[in-house]
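Each ligand, and each atom within it, is numbered from 1 in the order the structure gives.
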Amino acid sequence: MPVTFFDITRQNSQVKEELSGAISRVANSGRYILGENVAAFEKEAAAYCGTKFAVGVASGTDALHLALRAAGVSSGDEVVTSPFTFVATAEAIDYCGARPVFADIDPATFNLDPAEVKKKFSKKTKAILPVHLYGLACQMDELGKFGIPIIEDCAQAMGAELNGRQAGSFGAAGCFSFFPTKNLGCFGDGGLITTNDEKINNELRVLRNHGSRSAYHHDLIGYNSRLDELQAAILRVKLPHLNNYLAMRRNNAALYRDLLAKVAEVKLPFEPANRKHTYNQFTLLVKDREGLLAHLKSKGVAAMVYYPLSLHQQKAFAALGHKTGDFPRSEEAQAQVLSLPIFPELKEDEIKEVCAAIAEYYRR
Ligand SMILES: *Cc1c(COP(=O)(O)O)cnc(C)c1O
């Protein structure tokens, strides 16, 4: 049987009645923008993340962009971030007119290495933008010691913890995405920013709604970037189940660890003792990746490479003037990473099938 990489319909069918009820209530209400569902979801998401405020926006990318702007990042500033992430992380910095300054990763966790971050500070450094990649929290305690504002990219990490504290509650702001494949997904695009800072909270509410504090009075140039009522209503159905979804992801990870323990060519993901990994991705380091990928494909097993090219090597960032070799650990990771299916509703038999196919490849 083929094994798919991600199938959201399994999750949706378990809460089918609640979802249809929520969707039709919004449809019948006639209120689609900034209504009671967005307001209620913001409260519920803030409570989940352990922050005072949360602000719904149109996507995770917008969450990053607006959070950077609300934190005062603007033209001529520098923001230190990882080259080993989804492009949106660095795009958001560029949208503010600022420069993404990359720092290499810790090869064990794939996250920003605080020692590398420190080397990149200049007079222009305005913020640090760490990414909790694959759902594992960064060393926020170390990064916090630099005394520079931190905007967290939590797009893959809703529910991740460091020392019992939630991702998105450490920095000046935490940025979440509800793209369907994330830990908490909606039926399209959606995003959220968490913060404990009242000023940032107020600024975000103005920025997301055309710079408006009262109707048709515009204090600054803002954006049309609101989470809509329909998505908020769907997210309110799913949020109470998030911890269960994460437990299922962690169970799947534990089974992978058991079944792959004896495959010497495969390095399993590292979960430091003080952290709760949410396994938005279960990412291996493997030998002969392209051969393994072809073999898995021939067996009908889906796998993905997140990410095949570091941001400093992308054409889009050519103006930054980087060259191959500038971030060797990120480049080494891009050549060896392989993500396996890990979504909550993946079945035990499917995980066994994936592992059997991997073991078979290296036995040959
Ligand atoms: C998904 C993702 C984003 C962007 O979120 P969208 O909702 O797709 O805009 C940003 N950063 C990371 C690390 C992501 O995985």
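- Each of the following atoms of ligand 1 lies closer than 4.0 Å to a heavy atom of A88: 4 (C), 10 (C).
- Looking at R31, its side chain does come within 3.5 Å of a backbone N or O of I33 through a donor-acceptor pair.
- Looking at atom 13 (C) of ligand 1, its nearest protein heavy atom turns out to be D153 OD2, 3.5 Å.
- A salt bridge is defined here as a Lys NZ or Arg NE, NH1 or NH2 lying under 4.0 Å from an Asp or Glu carboxylate O, and E42 with K52 fails to meet this definition.
- Looking only at heavy atoms of the protein, atom 2 (C) of ligand 1 is closest to K182 NZ, 2.7 Å.
- Heavy atoms of T85 found under 4.0 angstrom from ligand 1 belong exclusively to the side chain.
- Contact annotation: for V131 versus ligand 1, heavy atoms closer than 4.0 Å belong to the side chain alone.
- Using a 4.0 Å cut-off to heavy atoms of G60, the atoms of ligand 1 that qualify are 5 (O), 6 (P), 7 (O), 9 (O).
- Ligand-side atoms of ligand 1 in range of T89: 11 (N), range being under 4.0 angstrom from any heavy atom.
- A pairwise comparison of heavy atoms in L320 and R99 identifies O-NH2, 3.3 Å as the closest pair.
- Annotation: cation-pi pair R249/F343 absent, no NZ/CZ under 6.0 Å from the ring centroid and within 45° of its normal.
- R329 places no side-chain N or O within 3.5 Å of a backbone atom of A333 that could act as its donor or acceptor partner.
- Between L192, V87, T61, D189, it is T61 that holds the heavy atom closest to atom 4 (C) of ligand 1.
- Counting the atoms of ligand 1 from 1 in the order shown, those under 4.0 Å from a heavy atom of Q156 are 13 (C), 14 (C), 15 (O).
- Close N/O approach between S177 and ligand 1 is found [any backbone or side-chain N/O within under 3.5 Å].
- Distance alone, capped at 3.5 Å, is enough to place a donor-acceptor pair between the N202 side chain and the E198 backbone.
- At distances below 3.5 Å, at least one donor-acceptor pair connects side-chain atoms of H217 with backbone N or O atoms of A215.
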